[in-house]
Each structure stands twice: as structure tokens, then as C-alpha cells.
> 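The following block contains the structure, expressed as C-alpha cells.
One-based numbering, in listed order, for ligands and for the atoms of each. Because the structure is predicted, anything quoted here is derived from the model rather than measured.
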Amino acid sequence: MLTIEEILAKFRFQRILSNDTKAKIVYVLGEVEGQDCILSFEKTQYEDAIISELPIYVDKSSFVDLVENNIYSWCTAALKSNLVDTRIKTIYPATDVHIAKYEAQARVMVIETPALYESNTIAYIKQIPVKRIQWVHNILDGSAEADRVIYHDKDPGTGFVILPDMKWNGSVETLYWVAIAMRSDILSLRSLRSEHLPLLKKLKQKIYELVKEKANLSPNQLRLFIHYQPSYYHFHVHITAVAFTDAPGVVSGQAHLLDTVINNLELYPDYYQRATLPFVIGERHQLLTDYNWDQ
Ligand code: M7G
């Protein structure tokens with residue numbers, strides 16, 4: 001694994017994947033030692049003209065909050081010249097899935113019946129290489145981000161880790177944490193059954209306690225949700241501040257509120273095996289390009 005410093009130094013710009021001027025995040029694709037690499041820079045809006053030069057503007061002596069986990073690393077740094085306050089993330093080596101995820105693209109609504117889940121989504125999940133969630137196992141076994149973990153309940157059935165999400169910029173208004181289950185057999189929302197209620201309820205209670213203690217936010221200031229489809233099929237819950245109104249991934253067609261999920265499971269133990277679940281997905285996503293969704 002290269003360090004984030006080495007990645008930036010060796011990065012050879014190829015093209016811009018996306019440039020979200022509202023969220024002030026740019027993703028660029030390049031090569032490092034012959035392998036694809038994605039860098040993201042997040043700040044006030046960038047001029048198109050400087051995007052290809054960003055890696056060499058980075059002031060390496062200013063790195064703070066450096067985290068490296070498997071193929072993922074990120075830090076906060078100042079840029080030389082008059083460019084400052086930029087959050088940098090690297091994904092190296094980046095897969096085609098990462099490139100498709102961060103490339104600007106139209107999104108479409110897919111209606112997933114239980115039958116389409118069985119025929120398409122399971123097949124898609126099965127072909128995902130296990131190393132795609134190596135970063136999750138690194139967190140669970142303490143080999144990465146150990147210093148950032150806020151809470152760790154190691155119970156194999158109902159345990160979880162709570163830590164800051166890679167998307168969090170550190171401010172309370174934009175709070176973004178993630179809770180990751182210890183068990184690996186819950187792939188997504190679709191796997192949830194009433195037998196998982198003790199895990200979901202314990203997790204919710206602990207999140208409330210910890211966010212109050214560490215960020216002084218009350219339960220009614222929090223939005224807890226589960227993505228469907230997620231990017232990573234190892235069960236986790238997103239923890240964001242309600243004040244973060246345009247947090248990435250809070251839209252309908254993607255976010256399912258934890259309270260609703262708990263309620264559905266209390267009403268119908270197999271709700272998520274029987275329900276039709278619509279989801280929004282990028283038109284370059286493999287689930288859309290490789291599978292037939294006609295009903
Ligand atoms: P998701 O719903 O599977 O995917 O959530 P998406 O929201 O990215 O589409 C996975 C969550 O884990 C996201 O909120 C990511 O920002 C976060 N995340 C991803 N990685 C690779 C890491 C990581 O290495 N460390 C931490 N702390 N969070 C991560």
C-alpha cells in the first residue's frame with residue numbers, strides 16, 4: 001500500500017469524473033504506477049482550469065487527521081498558493097465500480113420485487129469480490145481507524161462499531177457517523193428479519209447516548225437510516241444530523257429511516273423479504289447494466 005503522500009506525488013491526471021459545484025466536491029481519475037486512482041477534493045467551488053493541477057498544490061506538511069485503511073486513505077490539508085481548506089480522499093487502486101460510482105451520470109428508479117431481488121440482486125452481490133469490504137473488517141478487527149472508534153460492542157450477534165464516517169468533515173451541523181454490525185450475515189435491508197430487532201434497538205439506543213455525550217445532539221436532532229441499495233453489503237446504519245439537510249444519500253429512493261425499519265419488522269417479521277423496494281441508481285451501475293429489470 002502506498003501512503004497518501006506517495007499517491008498524490010505519483011498521481012497522473014486523466015479526467016474529471018464529477019464536479020459537484022453545489023456540494024463543492026470534485027472527483028478526478030488518474031493513474032498511479034499504472035493503476036487507476038480516484039482523488040476527491042472538497043471545498044469552495046473550483047475553477048475548471050486548476051483541477052488537473054490539484055495534486056501538486058497539496059502542502060504535505062499541513063496534513064491533519066490522516067487515516068489509511070486498506071485501499072482507502074484521506075486527510076485534511078491546505079493547498080499551496082491561495083487555495084486552502086480542502087478535504088482530500090484517495091481510492092487507490094480504484095476499481096471500475098469505484099469509477100462508475102463517482103462518475104457524473106443520470107440516475108434512474110428501479111422497482112425491485114422479491115423475485116427480481118432473487119434473480120438479479122443476489123447474483124450481483126455474490127460476484128462482488130470479498131476484498132471490496134476489507135475496510136469494514138479492518139475496522140471490526142481494530143487494524144484500521146482504531147483511534148477513531150467511538151464505541152465497540154463485540155457481541156457476535158448484536159454487537160457493532162460506531163465511528164465517524166469517511167464523509168464527515170468534523171462539524172456538529174454536518175455530523176455523519178456510521179454504525180457497522182459485527183455479524184457479516186446481514187447483507188442489506190433485504191436480509192433484515194424480526195430476529196434482528198434486538199440488534200437494531202440496541203444500536204439505536206447506543207447511538208442516541210453517544211451522540212448526546214459527544215456532540216450534544218438530542219435524538220430528535222438525528223436522522224438514522226439504512227441505504228438500499230448500499231455500496232457495501234455488510235450491514236451498517238448511517239447517523240447524520242437532521243440539520244445536515246443535504247447530506248449525501250438522504251434522498252427517498254435511497255434512505256430508509258431506522259425507526260420505520262424497526263416498526264415494519266415489528267408489524268411483519270418478514271417485511272423486507274416480501275416488500276417491493278424501489279431504489280434510485282446511477283445508469284452506469286453494474287446492477288443496471290448487467291441485469292434485466294423488466295417485469
Ligand atoms: P453505503 O450505503 O454502503 O454506501 O455506506 P455509500 O453511502 O457510500 O453509497 C457506506 C458508508 O461507509 C458510507 O457513508 C461511506 O462514506 C462510509 N465509508 C466507506 N469507506 C470505504 C469507509 C472507510 O474506509 N472508513 C469509514 N470510516 N467510513 C467509510
> Quick check on the 6.0 Å ring-centre criterion: do His98 and Tyr72 meet it?
yes
> When you compare ligand 1 with Met166, is there at least one nitrogen or oxygen pair between them that comes in under 3.5 angstrom?
yes
> Non-hydrogen atoms of Trp74 versus ligand 1: any pair closer than 4.0 Å?
yes
> For ligand 1, which part of His227 has a heavy atom less than 4.0 Å away: the side chain, the backbone, both, or neither?
side chain
> Checking the N or O distance criterion of under 3.5 Å, is ligand 1 in contact with Asp165?
yes
> Examine His285 together with Tyr124 and report whether their ring centres are nearer than 6.0 Å.
yes
> So, does Pro164 sit close enough to ligand 1 that a heavy atom of it is under 4.0 Å from the ligand?
yes
> Does at least one non-hydrogen atom of Lys101 fall below 4.0 angstrom from an atom of ligand 1?
yes
> Can you tell me which portion of Tyr232 lies within the under-4.0 Å heavy-atom range of ligand 1? Options are side chain, backbone, both, or neither.
both
> So is there a nitrogen or oxygen of His236 less than 3.5 Å from a nitrogen or oxygen in ligand 1?
yes
> Would Tyr72 count as being in polar contact with ligand 1, using the rule that some N or O on each side must be under 3.5 angstrom apart?
no
> Can you classify the ring geometry of Tyr151 versus Phe160 as parallel (below 30°), tilted (30 to 60°) or perpendicular (above 60°)?
tilted
